[in-house]
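So the structure is just underneath, and the comments pick up after that.
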Amino acid sequence: KSLVMDTEDSSFLFIGSYRENEVSKTHLLGKALIDIEKNKTVITKIKVGDLKKEYTNSLVSEILQMSPHSSQPLAEVIHRKTSGNVLFVLQFIRSLFDEGLL
């Protein structure tokens with residue numbers, strides 16, 4: 001927190017990530033973010049949501065080096081099982097690979 005709030009060093013860039021639904025205002029990180037904002041430190045928040053079906057398909061086709069048309073059925077199953085959460089999509093593909101299913 002002190003590094004981020006240091007007003008003398010304007011060349012410091014901090015990148016962090018967290019799940020918004022897991023960090024409340026009473027959570028240690030939530031409290032730190034409030035303190036940092038009160039200090040007038042610039043915070044740029046980028047919300048990353050779940051992938052849409054077509055983006056899940058694009059990711060699957062890229063990873064498996066297949067045409068989007070060919071990967072569509074598998075991508076639909078993956079999207080249904082992961083709700084488009086990119087971390088879960090990647091883990092699901094990895095588990096299919098590890099189990100010799102790909």
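Every pair passing side chain to side chain donor-acceptor pair (under 3.5 Å) that includes a residue from residues 50-59 is listed here, sequence neighbours excluded: Asn57-Ser71, Asn57-Gln72.
For Ser67, the side chain to side chain contact (heavy atoms under 4.5 Å, CB included) partners at least two apart in sequence or on another chain are His69, Ser70. Scanning for side chain to side chain contact (heavy atoms under 4.5 Å, CB included) contacts around Glu99 gives Ser95, Leu101, with sequence neighbours left out.
Separating the CD atom in Gln91 from the CG atom in Leu87 is a distance of 4.0 Å, to the nearest 0.5 Å. Here Lys47 contributes atom NZ and Lys45 contributes atom NZ; the two are 7.5 Å apart, rounded to the nearest 0.5 Å. Here the CZ-CD1 distance, from Phe14 to Ile36, works out to 7.5 Å after rounding to the nearest 0.5 Å. Summarising the geometry, atom CG belonging to Asn39 is positioned 14.0 Å from atom CD1 belonging to Ile34; distances are rounded to the nearest 0.5 Å. Remark: Leu29 CG to Arg19 CZ distance equals 13.5 Å, nearest 0.5 Å.
With a 6.0 Å radius and a threshold of 12 heavy atoms from other residues, nucleotides or ligands, Glu22 has its CD atom above the threshold. Environment of CD1 in Ile43: crowded, with over 12 heavy atoms of neighbouring residues, nucleotides or ligands closer than 6.0 Å.
Using modelled atom types, one side-chain atom of Thr82 and one backbone atom of Ile78 make a donor-acceptor pair closer than 3.5 Å. Put simply, the side chain of His79 gets close to the backbone of Leu51: a donor and an acceptor are under 3.5 Å apart.
Closest approach of Phe97 to Leu102, counting heavy atoms only: N-CD1, 4.0 Å.
Ionic pairing of Asp35 and Lys31 is not present here: no N-O contact between side-chain nitrogen and carboxylate oxygen is shorter than 4.0 angstrom.
Looking at Ile93 and Leu74, their side chains never come closer than 4.5 Å, going by heavy atoms from C-beta outward.
Hydrophobic clustering (side-chain heavy atoms under 4.5 Å, transitive across Ile, Leu, Val, Met, Phe, Trp, Tyr) keeps Leu90 apart from Phe88.
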(request) Carefully, step by step, assess Ser83 and Asn85 under the rule side-chain hydrogen bond (donor to acceptor under 3.5 Å, both in side chains). (result) CA-CA 6 Å; Ser83 300; Asn85 179 308; over 6 Å; no
